[in-house]
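Below is one structure, written out as C-alpha cells, with a few remarks after it.
Residues take their numbers from the sequence shown, with the count starting at 1. Model, not experiment: these values are computed from the prediction.
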Amino acid sequence: MAKTKQKRITKGTLPIYIVLTFASLLSLFPFYWMFVMATRPSAAYNSIPPTLLPGTKLVENFTKVLDTIPFFQAMWNTILLCSAVTIGVLLISSLAGFAFAKFEFPGKNFLFILILLTMVIPPQLGLIPQYYLISQLGWLDTLLGAGVIFLLNPLGIFLMRQYISQSVPDELMEAAKLDGCSNLRIYWSIVLPIIKPAFATLGIIVFTLVWGEFLWQFTVLRDPSSYTLQVALASLNNAFRVDFGMLLSGVFWATVPLIIIFLMFNKLFISSITEGSIK
C-alpha cells in the first residue's frame, strides 16, 4: 500500500516538476545567452538566426574590458558598498522591527504607517534634494554618499517587524527580563539568533538592490577611482559604436559575485520562506 501511494504521489506531482523545470530553464536562459554573447564578437549580437553556442572570445572580450575601465577597482568598490549598506540595513531594520513588534510607545502605529507610505514614493522624486544634501556634506565621489540613502529601508523594517512578532515569544522576553537582561541584551542574545533566516532574506534583497542600483550612483560618483560596477560598465557604451561582446563580458563577470552570494545564503533564504509558510 505504501509503495502504491508513493507511486500515485509521484505521478500526481510529475506535471508540477515538469512545469517547474521548464520555468527554471526559461529563467536561466538570459544568463546563458549573456555568457554566449560574452564569448562571441560584437557582430554575433545581431546575427540571424541567433547564436546559441559559446565561442572563443571570452578572454579577448574581457581583456578589452580591463583595458577600458578599472574593472576590479569598480568591483571592489561595489562589494564594499553593498556589504556596508547590507550590514547597516540589517542592523537598523532589525532594531526598528524589534521596537515596533515588542514595545508600546506613543504614535507607534502612526509612525509605522508613515514608514510604509514612503515605499510608494518614487525614489526619483528625492534625487535633487538628496544630491544637494550629499554635496553640502562633502560626500560626492565617496562610497558613503553613494550608500547612505539606502540605510533606512522601509521594506526591511516591515519584514523584520512581521518576522519578530511571529517568531519571538513574549514569554521568552519576559523570562529574560526577570533574569535582569536589558532590552539590548534581549535583542543580541535572543532575537538575533531567532531571526537569522529573515536576516538572510533581507540581506540578499538589499545586496542585490544596491548592486544593481545605477541612477543614484551615476549621479554622485564622477571620479573613475570611485566608480561602482554599474557606473563603470555604463562607460563602456560608445555614442558611435557599441562592442556588445566586450559589454556583455563585463556584465557577465559582474553577475558572478551575486550568484556566489545567493549560493552561500540560499539555505537560510529557503528556511525563512518555509518557516513563514508553516506559520
Side-chain angles (χ1 to χ4, degrees), residues 75-119 143-144 146-213 255-279:
M75 177 173 284
W76 169 249
N77 290 340
T78 307
I79 293 175
L80 186 62
L81 173 66
C82 294
S83 301
V85 171
T86 300
I87 294 173
V89 168
L90 291 178
L91 180 62
I92 294 173
S93 298
S94 59
L95 284 170
F98 179 46
F100 281 117
K102 296 300 180 180
F103 297 99
E104 296 295 333
F105 51 88
K108 168 185 169 181
N109 294 330
F110 174 77
L111 182 59
F112 185 67
I113 293 174
L114 193 64
I115 292 175
L116 294 183
L117 286 177
T118 61
M119 297 174 62
L143 295 182
L144 177 61
V148 68
I149 69 167
F150 299 104
L151 291 178
L152 185 60
N153 190 299
L155 176 62
I157 295 175
F158 173 76
L159 289 177
M160 287 297 172
R161 186 253 186 189
Q162 296 301 107
Y163 197 90
I164 292 173
S165 63
Q166 296 178 9
S167 302
V168 180
D170 293 334
E171 296 79 6
L172 188 60
M173 290 183 55
E174 292 297 330
K177 289 180 180 179
L178 291 176
D179 289 338
C181 292
S182 64
N183 291 328
L184 285 178
R185 181 61 184 272
I186 293 173
Y187 166 80
W188 183 261
S189 301
I190 297 176
V191 176
L192 282 186
I194 294 176
I195 64 174
K196 281 183 180 179
F199 257 39
T201 302
L202 181 58
I204 291 175
I205 293 174
V206 173
F207 196 94
T208 306
L209 174 67
V210 180
W211 189 281
E213 166 62 30
T255 309
V256 171
L258 284 180
I259 299 175
I260 295 174
I261 291 295
F262 180 78
L263 292 177
M264 289 172 58
F265 296 99
N266 67 333
K267 289 185 179 180
L268 287 174
F269 180 77
I270 296 172
S271 173
S272 67
I273 295 176
T274 56
E275 285 185 13
S277 64
I278 293 173
K279 292 173 184 178

Exercise for review: Not counting sequence neighbours, which residues clear ring-ring contact (aromatic ring centres under 6.0 Å, His included) with Phe158? List them please.
Suggested key: none
Review point. With sequence neighbours left out, what residues match Phe100 under ring-ring contact (aromatic ring centres under 6.0 Å, His included)?
Key: Phe105, Phe112
So do [Y] and [X] actually touch side chain to side chain, heavy atoms under 4.5 Å?
{"X": "Ile186", "Y": "Val168", "result": "no"}
{"X": "Leu155", "Y": "Val206", "result": "no"}
{"X": "Val191", "Y": "Ile195", "result": "yes"}

Just how far is it from atom [atom1] of [X] to atom [atom2] of [Y], taken to the nearest 0.5 Å?
{"X": "Ile204", "Y": "Leu209", "atom1": "CD1", "atom2": "CG", "value": "13.5 Å"}
{"X": "Ile79", "Y": "Ile261", "atom1": "CD1", "atom2": "CD1", "value": "7.5 Å"}
{"X": "Thr78", "Y": "Phe207", "atom1": "OG1", "atom2": "CZ", "value": "8.5 Å"}

Quick one: side chains of residues 86-93, donor-acceptor pairs under 3.5 Å with protein atoms, not counting sequence neighbours, listed by atom name and distance.
unit_1: Thr86; atom_1: OG1; unit_2: Cys82; atom_2: O; d: 2.6
unit_1: Ser93; atom_1: OG; unit_2: Val89; atom_2: O; d: 2.8

For a quick test of reading the model, state the closest non-hydrogen atom pair linking [X] to [Y] and the distance between them.
{"X": "Pro169", "Y": "Ser167", "value": "CD-O, 3.3 Å"}
{"X": "Leu81", "Y": "Leu143", "value": "CD1-O, 3.4 Å"}
{"X": "Ala101", "Y": "Ile164", "value": "CB-CG2, 4.0 Å"}

Exercise for review: Show your reasoning for whether side-chain contact (heavy atoms from CB on, under 4.5 Å) applies to Asn183 and Phe103.
Suggested key: CA-CA 10 Å; Asn183 291 328; Phe103 297 99; 3.6 Å; yes
Point to revise | Name of the residue among Leu95, Leu152, Leu116 meeting side-chain contact (heavy atoms from CB on, under 4.5 Å) with Ile157 | key: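 With Ile157 as partner, side-chain contact (heavy atoms from CB on, under 4.5 Å) holds for just one option, Leu152.
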Review point. Looking only at atom types and distance, does a side-chain atom of Ser165 sit under 3.5 Å from a main-chain N or O of Gln162, one as donor and one as acceptor?
Key: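 Indeed, once roles are kept as given, a pair shorter than 3.5 Å links the two residues.
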Contacts of [X] that satisfy side-chain contact (heavy atoms from CB on, under 4.5 Å) - sequence neighbours left out:
{"X": "Ile259", "result": "Thr255, Leu263"}
{"X": "Thr118", "result": "Pro154"}
{"X": "Trp188", "result": "Leu192"}
{"X": "Ile113", "result": "Leu117"}

**Study point:** salt bridge (Lys or Arg N to Asp or Glu O under 4.0 Å) involving Lys108 - partner list, sequence neighbours excluded
**Key:** Glu104
Check your understanding: Quick one: salt bridge (charged side-chain N to carboxylate O under 4.0 Å, His left out) pairs with a partner in residues 175-186, sequence neighbours left out?
Key -> none
Point to revise | Residue pairs, two or more places apart or on separate chains, that pass salt bridge (charged side-chain N to carboxylate O under 4.0 Å, His left out) and touch residues 152-175 | key: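 As it turns out, the salt bridge (charged side-chain N to carboxylate O under 4.0 Å, His left out) pairs with a partner in residues 152-175, which skip direct neighbours, are Lys102-Asp170.
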**Study point:** side-chain hydrogen bond (donor to acceptor under 3.5 Å, both in side chains) involving Ser94 - partner list, sequence neighbours excluded
**Key:** Tyr187
